[in-house]
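Basis for what follows: all heavy atoms, side chains included, without hydrogens, waters or symmetry-related copies.
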Amino acid sequence: MRNHRLLLICVTLIVNVGISNGQNQKKLDNGFVQLFNGENFDGWHLKLRSGDSAKAKEVYTIEDGMVHVFKHMPDSLNLNTGENGTHGLFYTNKKYSKYILRFEYKWGEKITNNFDEWQYDAGCYYHVFDDKVWPKGLEYQVRYNHITDRNHTGDFWGAGVSLDWTATADGKTFLLPKDGGKEMPNMKNEIYGYASPKYNALNGEWNQCEIIVMGNAYTIHKLNGEIVNMGTNLSVGEGIIGFQSETAEIYYRNIEIKEFDKVVPMKKFLN
């Protein structure tokens, strides 16, 4: 009887750990699972630059099945002051390596922090191996420059990460290899995606984002169904995933993931 009780306790602990790590996820019909359940941050942890855990719960608010960033913050918070304590991310507890990640975002109206430098700026970090603010990992940029009317969503930001890339002849923006993209090895930091993607900026409409990443073999960024950036030979092959709060009010929803046991050939996603 004593051994039976001990076994029951062990099983209960294992189940509870699995739930806390976000493994109790709702499966969807298309093979994806909900990474964010729309109700709470089970399986996630919140982190701000200031380290204020109470403030983090105000920066990241859940409403109507989505994450509303800066809902409880005043408009024009800390502009041009150098103060940026509300910079941060909400991170998965679990590491991921080979998967398709999908999410949607739209911009709100409030601006904050260093908006004068980066305009409407947020993003999704993946393959994160250091969850500080800012983290070490690879970023799918979510950004809109209203001054130049250029969308930068889908750009890379490689923080402590490098990858091989193909670009236009001037080396400034992404170009698919089949279209004559020039090989650019060992790229880091900001790496511009396709210059003219289809996007929604300040019109209150949602954008559909997709990250297809297979360990360190390759990564593909898609925006509203089109490939906008791509890299191969990543210097890191796994990590946690995080969504940013940075310079402007933003909404995230429908965060879902489909994992793979083996690397799926890139050509499947390029057709």
Side-chain angles (χ1 to χ4, degrees), residues 35 69 89 96 99-107 118-128 134-135 137-159 161-168 170-179 181-184 187-203 205-214 217-234 236 239 241-248 250-258 266 268-271:
L35 198 53
V69 177
L89 301 97
Y96 297 88
Y99 55 86
I100 302 173
L101 175 70
R102 294 175 178 170
F103 66 94
E104 298 177 44
Y105 80 90
K106 69 175 180 179
W107 295 112
W118 293 108
Q119 299 85 41
Y120 293 86
D121 196 6
C124 173
Y125 270 88
Y126 59 102
H127 281 11
V128 172
W134 296 123
L138 193 59
E139 183 184 6
Y140 178 113
Q141 285 267 33
V142 173
R143 185 159 77 88
Y144 172 64
N145 185 335
H146 67 293
I147 298 171
T148 62
D149 191 28
R150 176 167 174 176
N151 199 58
H152 288 274
T153 297
D155 288 0
F156 287 114
W157 182 266
V161 176
S162 65
L163 52 78
D164 295 345
W165 186 62
T166 55
T168 51
D170 59 10
K172 292 184 178 180
T173 58
F174 168 72
L175 186 65
L176 280 165
K178 70 178 181 63
D179 295 328
K182 174 185 175 183
E183 293 186 6
M184 307 279 287
M187 298 292 290
K188 300 177 181 178
N189 301 322
E190 191 167 33
I191 310 168
Y192 288 146
Y194 179 56
S196 302
K198 295 179 181 179
Y199 66 92
N200 293 300
L202 307 181
N203 56 6
E205 298 295 325
W206 292 92
N207 292 281
Q208 290 77 43
C209 303
E210 186 168 286
I211 299 168
I212 304 168
V213 59
M214 294 291 154
Y218 67 85
T219 180
I220 298 171
H221 288 182
K222 297 178 73 174
L223 174 62
N224 296 321
E226 294 187 5
I227 294 174
V228 293
N229 220 343
M230 189 173 75
T232 60
N233 193 28
L234 283 60
V236 62
I241 297 167
F243 290 84
Q244 277 186 311
S245 58
E246 193 167 356
T247 68
I250 191 170
Y251 302 80
Y252 298 106
R253 72 176 186 185
N254 295 334
I255 303 172
E256 57 189 46
I257 195 166
K258 181 177 182 179
M266 182 188 289
K268 177 176 179 179
F269 302 108
L270 298 182
N271 295 333

Roughly how far, to the nearest 0.5 Å, is the [atom2] atom of [Y] from the [atom1] atom of [X]?
| X | Y | atom1 | atom2 | value |
| --- | --- | --- | --- | --- |
| Ile212 | Ile100 | CD1 | CD1 | 5.0 Å |
| Gln119 | Thr148 | CD | OG1 | 7.0 Å |
| Trp165 | Thr173 | CH2 | OG1 | 6.5 Å |
| Lys106 | Asn203 | NZ | CG | 10.0 Å |
| Gln141 | Glu190 | CD | CD | 6.0 Å |
| His221 | Phe156 | NE2 | CZ | 4.0 Å |

Is there a side-chain contact between [X] and [Y] in this structure, where contact means two heavy atoms from C-beta onward sitting under 4.5 Å apart?
| X | Y | result |
| --- | --- | --- |
| Leu101 | Leu35 | yes |
| Trp157 | Trp134 | no |
| Phe269 | Glu210 | no |
| Gln244 | Glu139 | yes |
| Leu175 | Thr166 | no |
| Ile227 | Ile220 | yes |
| Leu234 | His127 | yes |
| Ile255 | Ile241 | no |

Do other residues, nucleotides or ligands put more than 12 heavy atoms under 6.0 Å from the OH atom of Tyr194? no

Aromatic centroids of Phe243 and Tyr105 separated by under 6.0 Å: no

Taking [X] for the side chain and [Y] for the main chain, is one N or O donor matched with an acceptor at less than 3.5 Å?
| X | Y | result |
| --- | --- | --- |
| Thr247 | Asp121 | yes |
| Asn229 | Ile191 | yes |
| Tyr192 | Ala167 | no |
| Thr232 | Ala217 | no |
| Asn151 | Tyr199 | no |
| Asn233 | Leu163 | no |

Quick one: closest heavy-atom pair of [X] and [Y], and the distance?
| X | Y | value |
| --- | --- | --- |
| Val228 | Pro197 | CG1-CB, 3.8 Å |
| Pro135 | Ala159 | O-CB, 3.4 Å |
| Ser245 | Val69 | CB-CG1, 3.4 Å |
| Gly193 | Asp155 | N-OD1, 2.7 Å |
| Cys209 | Leu223 | SG-CD1, 4.1 Å |
| Lys188 | Ser162 | CG-CB, 3.7 Å |

Should Tyr144 and Asp149 be marked as a side-chain hydrogen bond (donor to acceptor under 3.5 Å, both in side chains) after you check the CA-CA gap, both sets of side-chain angles, and the distance that decides it? CA-CA 7 Å; Tyr144 172 64; Asp149 191 28; 2.6 Å; yes

Determine whether Met230 and Tyr218 satisfy the following criterion, side chain to side chain contact (heavy atoms under 4.5 Å, CB included), listing intermediate values before the conclusion. CA-CA 7 Å; Met230 189 173 75; Tyr218 67 85; 5.7 Å; no

Could you go through the side chain to side chain contact (heavy atoms under 4.5 Å, CB included) check for Tyr126 and Thr219 one step at a time? CA-CA 11 Å; Tyr126 59 102; Thr219 180; 2.7 Å; yes

Would you kindly say whether Asn145 and Tyr120 are connected by a side-chain donor-acceptor distance under 3.5 Å? no

Hey, are Asn200 and Trp107 close enough side-chain-wise for a donor-acceptor pair under 3.5 Å? no

Test log, rule side chain to side chain contact (heavy atoms under 4.5 Å, CB included), inputs Ile250 and Val142: CA-CA 10 Å; Ile250 191 170; Val142 173; 3.8 Å; yes

